[in-house]
Amino acid sequence: MVKLLSYLVLNIFAKFLFFNIKMVKQVISLREKCGVFAAKTKNAEKKAYYALLALQHRGQESTGISVWQGIIKTHKGLGLVSEVFKNSVLDKLSSNLAIGHVRYSTFGGLNEVQPLEVEYKGLKLSLAHNGTLTNYSLLRGDYGRFYNFKTSIDSELLGISFLRHYLEHKDEFEAMKEVFREIKGAYSVSMLFEGKIVVGRDPLGFRPLTFGFGDGYYFASESSALEMFDLEVRDVKPGEVFVIDEELESKVLTKEKHSHCVFEYIYFARPDSTIEGRNVYKVRLELGKQLAREDDVKGDIVIAVPDSGRASAIGYSLESGIPYEEGLIKNRYIGRTFIMPQQALRDLSVQLKLSPVKEVIRDKKVILIDDSIVRGTTMKRIVAMLRKAGAREVHVRIASPPIKYPCYMGIDIPSRYELIASWKSVGEIAKEIGADSLRYLSLEGLVKAVGLNDLCLACLNGKYPSWAFDF
Ligand code: SF4
């Protein structure tokens, strides 16, 4: 807790200390959620393209691919994968070694879109990173004494730390061991370095990372992105590093207690992904069943906020015996509100992306299931939408406990001030969103439904994993 407090104090201090707005925004707002990919296989650039399409839900603001053609060649841009990569571009990236990235935030412009090329004392790598480094602002000051940072994103620190320690040890595993010792926080990282691929997952395994093998070696943030390649897949273990040169070699370099992000199961990952042996759809179904076991409300129908609330709504319906209906229809061509970077865009997109089926809703006592409530503004609009469509009662049920604390490990959960559950009671939130009643899943129920003990629950219970703040 002392470490966490010093981290917060340091960041607040940094806000007032640095006059460079870019720098301040980066220190305070390292919130992007991203997806990474790497492969050594035939047509690796095209496999990267397909995998990034499958990872698009993890970041829709920018994307890029780096390949090895005797030198590192990178193409990247702002926008969706299908907008940035055309056939003519991919043809010029032909290679059997590629890494790729999709990113949530466009903060910093094109030079901060990943993969990021980093150079130090004649060595160069390209890097794709998912996560947030908790001691970035401290280490940036230290490294800034001998290295001139080209960007204000924390991923550059990962690259420069690896190159610095590689120069010292001339060995990728030893370099990564030093990176794990030095850099705290969440990082699933893939690197293209000297004609090799180096991949690592932070010692606590906050963010998911999957390894696949078959007609080559593949890595992706989620298993669903590798499904199409017909591979054997497994999780990259926390603290595990892969180096792929002529052959593949992997080592687990640390022995920390794992801390997998529970929010990947609740909201972020695709339902067809499997993380730590637990299929995300099945987990969400179980969250809904558990929520029903803890509930006693009498409703006519169960409906979901599509899409991420759907599996839990089906689970709730199965357990309670109350029929499930499709009461809200999603416009599939509008982005997810949670990952829109500005509040104004988020507000507009709620109205654009959901519409009620009046014939399903009218005169019904509706049990509305969603995965989480962050600010409460989206839920307020949905409840009003259902009432306008003729719902007699609206009972909101949330398939996770209240989010009360910010995330410093790579998910866009805002400050406590913006989190409605950190300053309002459940009754007050129900009133605020206009619901007849509101109930959240219990913390114990969540852990039971996920079926893992080594979870990060910090945004729910305020207990931040100590390793991530051990600096
Ligand atoms: S604080 Fe919450 S969102 Fe962040 S890593 Fe932990 S569980 Fe995930």
Side-chain angles (χ1 to χ4, degrees), residues 1 3-5 7-8 11 28-36 57-59 104-105 129-136 154 183-189 201-209 221-222 235 238-239 256-270 273 275-276 278 280 283-284 287 308 336 338-339 370-375 398-422 440-470:
M1 189 45 77
K3 298 276 170 54
L4 177 60
L5 280 175
Y7 168 75
L8 294 174
N11 276 337
I28 305 301
S29 309
L30 284 171
R31 292 176 183 166
E32 70 264 30
K33 274 292 302 166
C34 306
V36 301
H57 63 291
R58 297 185 72 84
Y104 155 46
S105 172
H129 164 219
N130 172 207
T132 298
L133 313 181
T134 48
N135 58 346
Y136 164 68
D154 58 348
I183 297 184
K184 309 297 176 183
Y187 44 102
S188 287
V189 61
R201 191 177 179 199
D202 69 71
L204 273 62
F206 285 107
R207 308 265 70 86
L209 189 60
S221 288
E222 291 184 37
D235 292 298
E256 300 296 330
K257 185 179 180 308
H258 302 165
S259 189
H260 309 299
C261 172
V262 77
F263 225 73
E264 293 281 352
Y265 295 100
I266 295 169
Y267 174 80
F268 212 86
R270 275 173 49 152
S273 286
I275 305 170
E276 311 307 324
R278 303 285 287 136
V280 173
V283 167
R284 288 183 189 160
L287 293 173
S308 53
R336 304 175 73 173
F338 192 64
I339 60 173
D370 202 359
D371 52 88
S372 54
I373 295 181
V374 181
R375 297 170 181 84
I398 302 298
S400 66
I403 303 172
K404 294 185 175 176
Y405 306 91
C407 174
Y408 303 107
M409 282 79 73
I411 284 199
D412 179 26
I413 292 179
S415 66
R416 287 198 72 178
Y417 174 72
E418 292 171 273
L419 288 169
I420 191 166
S422 77
Y440 289 87
L441 181 65
S442 68
L443 197 61
E444 300 70 34
L446 169 71
V447 173
K448 193 172 155 198
V450 176
L452 294 173
N453 290 321
D454 42 5
L455 290 169
C456 175
L457 303 165
C459 53
L460 308 172
N461 65 8
K463 292 180 185 165
Y464 291 86
S466 57
W467 176 86
F469 296 92
D470 185 18

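Just so it is clear, the values below take in all heavy atoms, side chains as well, and ignore hydrogens, waters and symmetry mates. Remember, it's 1-based here, ligands and their atoms both numbered in the order they're listed.
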Any side-chain donor near an acceptor of the partner, Glu222 and His57, under 3.5 Å: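 Result is yes, a qualifying pair exists.
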
Exercise: do Asn130 and Ser188 side chains pair donor with acceptor under 3.5 Å: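 On atom types as modelled, these side chains do not qualify, holding no pair under 3.5 Å.
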
Presence of N, O or S from Cys459 under 2.8 Å of atom 2 (Fe) of ligand 1: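 Checking atom 2 (Fe) of ligand 1 against Cys459, an N, O or S atom does fall under 2.8 Å.
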
For Ala458, atoms of ligand 1 separated by under 4.0 Å from a heavy atom: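 Answer for ligand 1: 1 (S).
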
Contacting atoms of ligand 1, where contact means under 4.0 angstrom from a heavy atom of Val262: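 Taking each heavy atom of Val262 in turn, ligand 1 has 7 (S) under 4.0 Å.
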
Geometric class of the Tyr464/Tyr408 ring pair [parallel <30°, tilted 30-60°, perpendicular >60°]: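 Aromatic pair Tyr408/Tyr464 classed tilted.
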
Atom 6 (Fe) of ligand 1 reached by Cys261 (N, O or S, under 2.8 Å):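 Here the distance criterion (N, O or S atom, under 2.8 Å) is not met by Cys261, so no.
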
Side chain Asn135, main chain Ile183, donor-acceptor under 3.5 Å: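 Here the side-chain-to-backbone pair does not exist.
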
Residue and atom name of the nearest protein heavy atom (relative to atom 4 (Fe) of ligand 1), distance in Å to one decimal: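 The closest one turns out to be Cys407 SG, 2.3 Å.
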
Which residue and heavy atom of the protein sit nearest atom 7 (S) of ligand 1, plus the separation: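 Sorting protein heavy atoms by distance from atom 7 (S) of ligand 1 puts Cys456 O, 3.0 Å first.
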
Worked verdict on Glu256 versus Arg201 for salt bridge (Lys or Arg N to Asp or Glu O under 4.0 Å): CA-CA 12 Å; Glu256 300 296 330; Arg201 191 177 179 199; over 6 Å; no

